[in-house]
Amino acid sequence: MAEHTASIVADDLAGTALRTGVTPWPEELARTYRAAGYWRDRPLGDLVWEWAEARPHRIAVADGGTRITYRELAARADQVAVLLRDRGLGPGTAMLVALPNGWELVVLLLACLRAGVAPVMMLPAHRDHELAAIGLRTGAEAIAVPGTFRGHDHQAMADRVRAEVPSLREVLVCGDGAGGEDGHGHHVDLRSAVEHVPSADDVEAHRSRLDATPPEPGDVAVFLLSGGTTGLSKVIARTHNDYEYNARRSAEVCGFDARTVYLAALPAGHNFPLASPGILGTLMVGGTVVLVPSPSPSRVFETIAAERVTAVAAVPAVLSRWVAAAEAGDPDLTSLRLVQVGGSLFAKEAYRRAVNVLGCRVQQVYGMAEGLLCYVRETDPDDVAAATQGRPISVHDELRIVDPSGAEVAHGESGELLVRGPYTPRGYFRAPEQNREAFTDGWYRTGDLVLRHPGGNLVVVGRTKDVVNRGGEKISADEIERLVQAVDGVAEVAVIAAPDPELGERACACVVPRPGRTVTLQDIGRALRAAGVAEFKIPESLLVLREMPQTSVGKTDKNALSRIVTSRTHLA
Ligand code: AMP
Ligand code: DBH
């Protein structure tokens, strides 16, 4: 009875709850985007059955021994979507999703889209600190976690997060031991739900129930995280209209088609493997998505050979590991047509080596969860492919390259990139303060320094934003500074990027201890771990100072700190 009531409530939800945090595009631009065919006014969930009907028996998802056809995928997604609706989750609600790559994640994502629940794309590496902050920001009502993954008890963590986030009611666990044995009886057993194959009658009933109350195309389809500029992690609301275009146009630009076998090796919570073109782009064109939970070279090579993978995305740090391993061994990579690389700077030399060793096309990608996607095109000459990060996917992507005063720089000069367009949202979700800094009249300030290559592509030459780009994983310096500031014995702190041969950058904490006190890297690590901070964000080196270098206007001089740290790294 209680469940029945909940389902009625969820099915009737207007979906407006999340809209309040979303900055809409101006009407005039929205009209332009519709007229140009970018925005199709169809919820992403509608596509699931369109795909299933166009190609019911093709393999949509392959993961180890599990192979799922497009029809089975739709049936399972609906099955889980109905479970969500029965739990009171529907349009206007959000769910933190922190599952590792696997077929279950794809089913859950599509289930969310079918039910109108906005998945908040977390990473399995996130911990209490990130989950709670993002849960509060989005008002998430559910969280989906693995059971135990890489030795960490995600179920117990989900319970702790639930205690901190008042809106959070439902814990869905995709793993062994969910909902029973060990005192988590209230958890929803997601594994059984994704594994259950519904009867033909149930499939029809689920489908018509879900079709009756679809989300609005301007609603939030997916929440992505930004490593962005200042403060706590920001959330980016991507609408059905803009994200559908994002994936569809990416697939077109990258030449994905029904023969594409795409390997999701980076965590699917990232925009790159999710929709650039990634998982969504592959499903849209009838290809097959293959997933691995870790991008280790051995696992990736085995999978490429076994599934005849044709396309894969990597960040430079991961790709360099693959290239080194491929040089040392002799993996069968003959099926590979395309390796995409992006997320942080990829050196020209690394590009050349990757092309030689992998023997396939290597495509640089410059993208952001905030929207804008740039791809090198297949027709670009080799020197352009080596030295640039591509160009935007849409003629309606508007780009400005500006100097610190906001004036446009001369052609070929570098400056900060500002962007707006049909899939670049006009503000972060529920973050008016950060939006004042990061958005001007709908223009997103990327914090990236770029210039135009003579051929028209963009070259990323640096950044103005205060982040550490650790192998493509962005860490906000400001967020870590707040945490380190609270560590016992710390008087002052600045977090900077220390150059690293493997990951590009790693976080370095520069600390002035309180008088008579010492602070060690271990102290910082222990305190941040106790605060439930994700491991990848914990500073990996420490510079102890008697006083903080300051600029002439009395701010911490991070350039001076970088010089000290870089010279020390060179000595080491
Ligand atoms: P996020 O805002 O967390 O999605 O991260 C996007 C940021 O990653 C961009 O604004 C750039 O700073 C960086 N980035 C992405 N791709 C590249 C690339 N190919 N080269 C250099 N930086 C990149
Ligand atoms: O770094 C990124 O965020 C990124 C890189 C490449 C991205 O979001 C994307 C492609 O879509």
Side-chain angles (χ1 to χ4, degrees), residues 121-123 130 222-230 233-236 238 242-243 245-247 249-251 253-254 264 266-281 312-319 339-348 350-351 362-376 385-393 397 399 414 416-419 423-425 428 434 438-439 444-451 453 457-477 479 497 503-505 536-537:
M121 305 306 295
M122 307 293 303
L123 304 173
E130 290 83 22
V222 174
F223 283 109
L224 302 176
L225 303 193
S226 160
T229 40
T230 54
S233 322
K234 288 168 296 299
V235 181
I236 304 147
R238 303 296 299 264
D242 90 71
Y243 214 48
Y245 175 61
N246 183 107
R249 179 65 184 143
S250 289
V253 164
C254 298
L266 297 175
H270 285 302
N271 189 41
F272 194 6
L274 183 60
S276 312
I279 294 169
L280 286 176
V312 64
V315 290
V318 164
L319 184 53
V339 174
Q340 301 181 290
V341 60
S344 65
L345 229 41
F346 192 54
K348 229 183 283 182
Y351 169 87
V362 175
Q363 176 192 43
Q364 297 209 51
V365 182
Y366 164 49
M368 53 201 75
E370 286 84 352
L372 179 70
L373 295 175
C374 299
Y375 297 99
V376 168
T388 78
Q389 282 67 56
R391 57 181 177 277
I393 59 173
D397 281 319
L399 272 54
S414 72
E416 186 184 2
L417 178 68
L418 312 187
V419 60
Y423 58 98
T424 300
Y428 288 113
Q434 285 148 340
F439 291 85
Y444 168 57
R445 307 178 62 102
T446 62
D448 294 322
L449 292 171
V450 308
L451 55 79
H453 189 267
N457 282 7
L458 293 179
V459 180
V460 182
V461 296
R463 63 170 181 251
T464 62
K465 58 189 164 191
D466 199 7
V467 301
V468 180
N469 191 332
R470 186 186 188 276
E473 218 57 88
K474 283 73 172 187
I475 306 166
S476 154
E479 181 187 356
L503 292 172
E505 299 174 4
F536 70 84
K537 293 187 188 169

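Just follow the structure's listing: the first ligand is 1, and inside any ligand the first atom is 1.
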Examine ligand 1 and decide if any of its atoms is less than 4.0 Å from a heavy atom belonging to [X].
| X | value |
| --- | --- |
| K474 | yes |
| Q364 | no |
| H270 | no |

- Query: Do the side chain of N271 and the main chain of M368 share a donor and acceptor less than 3.5 angstrom apart?
  - Reply: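 It does hold such a pair.
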- Query: Who gets closest to atom 2 (O) of ligand 1 by heavy atom: E473, Q340, E370, M368?
  - Reply: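 It is E370 whose heavy atom sits nearest to atom 2 (O) of ligand 1.
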- Could you name the option among P316, S344, G371 that has the heavy atom nearest to atom 22 (N) of ligand 1?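 The nearest heavy atom belongs to S344.
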- Query: Of the backbone atoms (N, CA, C, O) and the side-chain heavy atoms from C-beta on, which set of L224 has a member under 4.0 Å from an atom of ligand 1: side chain, backbone, both, or neither?
  - Reply: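 Looking at L224 and ligand 1, no heavy atom falls under 4.0 Å.
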- Message: Using a 4.0 Å heavy-atom cut-off, which part of L345 comes near ligand 1: side chain, backbone, both, or neither?
- Response: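 The part of L345 near ligand 1 is both the backbone and the side chain.
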- Please report which non-hydrogen protein atom sits nearest to atom 2 (C) of ligand 2, along with the residue it belongs to and the distance in Å to one decimal place.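 Looking at atom 2 (C) of ligand 2, the protein heavy atom closest to it is G367 O, 3.4 Å.
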- Atoms of ligand 2, numbered as shown, that sit under 4.0 Å from any heavy atom of K474: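 Listed by number with element, the hits are 1 (O), 2 (C), 3 (O).
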- Indicate whether any N or O donor in one side chain lies under 3.5 Å from an N or O acceptor in the other, for Y444 and E370.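 Side chains of Y444 and E370: pair found under 3.5 Å.
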- Item | H270 near ligand 2 by a heavy-atom separation under 4.0 Å |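 Distance cut 4.0 Å: H270 fails for ligand 2.
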- Message: As an exercise, identify every atom of ligand 1 less than 4.0 angstrom from a heavy atom of S226.
- Response: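 Those qualifying, in numeric order: 2 (O), 3 (O).
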- Message: Is there a polar contact between ligand 2 and Y366, counting only N or O atoms under 3.5 Å apart?
- Response: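 No.
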